Amino acid sequence: MGFRKKSKSPPVLSHEFVIQNHADMVSCVAMIVLLGLMFEVTAKYAIMFITVQYNVTQTLDTEPFSYYKYGPKDMATVFFYLLIAIILHALIQEYILDKINRRLHLSKTKHSKFNESGQLATFYSFSFIWGCSILTSEEFETNPTFLWEGYPHIHMAFQVKFFYICQIAYWFHALPELYFQKVRKEDIPRQLYYICLYIFHITGAYVLNLHRLGLVLLVPHYLVELLFHASRLFYFSDENKQKGFTLWALLFVITRLLTLTVSVLTFGFGLSRTDNQGFSLAEGNFNVLTVRMTCLSAICLTQAWMMWKFINFQLKKWREQSQIQANKKKAKCSSTLINSSVSSNTVLILGIA
């Protein structure tokens with residue numbers, strides 16, 4: 001892990017060397033990009049990595065407004081903020097999570113889960129607050145039809161585009177972090193599933209000009225995930241603190257129903273009845289039946305998979321609790337029999353005496 005004090009230096013360019021120093025290496029790459037701004041020859045290339053691209057200025061009521069589209073240059077911006085995400089990940093791990101871990105003395109399994117929940121809770125809380133601030137500036141609170149009216153929504157405000165750039169960059173950074181964090185082999189498939197799902201859905205909403213719908217669905221989802229990982233952090237500090245999981249379970253089901261309702265409303269009724277029907281890459285219009293049904297099916301299948309995992313998790317937890325209760329009853333019965341046996345033997349001895 002980068003930024004750590006190393007007691008023993010591993011061989012240069014070995015796996016352990018890369019893992020221990022990956023944040024320092026990434027910092028060097030990010031610094032090279034920033035240094036490119038200082039020279040006129042490289043500035044036009046460096047600016048492509050650092051700032052949001054495809055600015056469009058429109059005049060509304062004699063006042064100019066800046067909007068943004070998406071394009072191939074966004075990949076460079078995503079790459080740069082992917083580097084920033086790796087650096088921030090290392091800082092949070094080194095200066096916050098590792099210090100807490102040393103105090104709690106967790107097992108290897110709990111240590112890995114604590115680190116995962118600590119990183120994700122930080123990201124979800126930041127994204128939830130940011131997403132809420134964007135939604136409050138939109139018309140959704142008073143006019144839910146803004147999800148489909150005026151589609152294709154090819155113009156984005158700076159906050160919206162930068163939000164999506166950061167979201168895509170964060171989830172792409174999570175892929176190399178599986179290697180940098182030495183995630184256990186049995187945990188890799190589970191983490192790969194949700195990382196790839198996030199990349200697929202967020203990138204899909206961005207490319208298909210469905211960023212309004214994506215925001216509305218992401219914000220409550222991030223709230224539920226934040227509650228889960230915060231509850232898990234409290235549970236690792238004290239196993240008696242489990243009330244947060246009950247609230248999480250309730251909100252999880254509500255959020256799944258909300259996601260399905262909004263998605264069906266948008267793809268099944270809203271977009272299907274708009275005037276601008278058709279498929280055009282140049283105009284960014286993907287409002288055809290095939291695309292709508294594919295998007296709706298992807299969302300429904302994802303929600304079904306999440307509910308399946310949720311039900312299995314609850315059943316497993318219920319079996320564990322039942323087993324614990326059964327063991328307690330057996331132990332109580334055994335102690336009662338032993339006490340009664342001792343009492344009868346005492347009475348017999350006293351009678352003989």
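Computed from a predicted structure; not experimentally measured. Just so it is clear, the values below take in all heavy atoms, side chains as well, and ignore hydrogens, waters and symmetry mates.
- Between Val78 and Ala169 the shortest heavy-atom distance is O-CB, 3.5 Å.
- Geometrically, Arg256 engages Phe252 in a cation-pi contact, judged by NZ or CZ lying under 6.0 Å from the ring centre and within 45° of the ring axis.
- Partner of Tyr222 under the ring pair (Phe, Tyr, Trp, His ring centres under 6.0 Å) criterion, chosen from Phe123, Phe126, Phe128: Phe123.
- Here the shortest heavy-atom pairing between Phe245 and Tyr235 reads CE1-CB, 3.9 Å.
- Cys166 has its side chain within reach of Trp130: a pair of non-hydrogen atoms, C-beta onward, lies under 4.5 Å apart.
- Closest heavy-atom contact between Val224 and Leu251: CG2-O, 3.7 Å.
- Asn101 and Asn115 form a side-chain donor-acceptor contact under 3.5 Å, judged by distance and modelled atom types alone.
- Aromatic ring centroids of Tyr198 and Tyr170 lie 6.0 Å or more apart.
- Under 4.0 Å is where a charged nitrogen must lie from a carboxylate oxygen, and between Lys113 and Asp187 no such pair does.
- Between Phe200 and Thr302 the shortest side-chain heavy-atom distance does not fall below 4.5 Å.
- In this structure, His111 has its ring center at least 6.0 angstrom away from the ring center of Phe114.
- In the model, Gln53 has a side-chain atom that pairs as donor or acceptor with a side-chain atom of Thr51 under 3.5 Å.
- Note: Trp305 and Tyr193 have perpendicular aromatic rings, judged against thresholds of 30 and 60 degrees for the angle between ring planes.
- With a 4.5 Å cut-off on side-chain heavy atoms, Leu227 and Tyr124 do not count as touching.
- Two residues are said to be in side-chain contact when any heavy atoms from C-beta on lie closer than 4.5 Å; Lys309 and Phe313 fail this criterion.
- For the residue pair Glu94 and Lys99, the shortest heavy atom distance occurs at O-CG, 4.3 Å.
- No hydrogens or angles considered: nothing links the side chains of Asp74 and Tyr164 as a donor-acceptor pair under 3.5 Å.
- When the side chains of ILVMFWY residues are joined at heavy-atom separations under 4.5 Å, either directly or via intervening members, Val18 and Ile87 end up in a single hydrophobic cluster.
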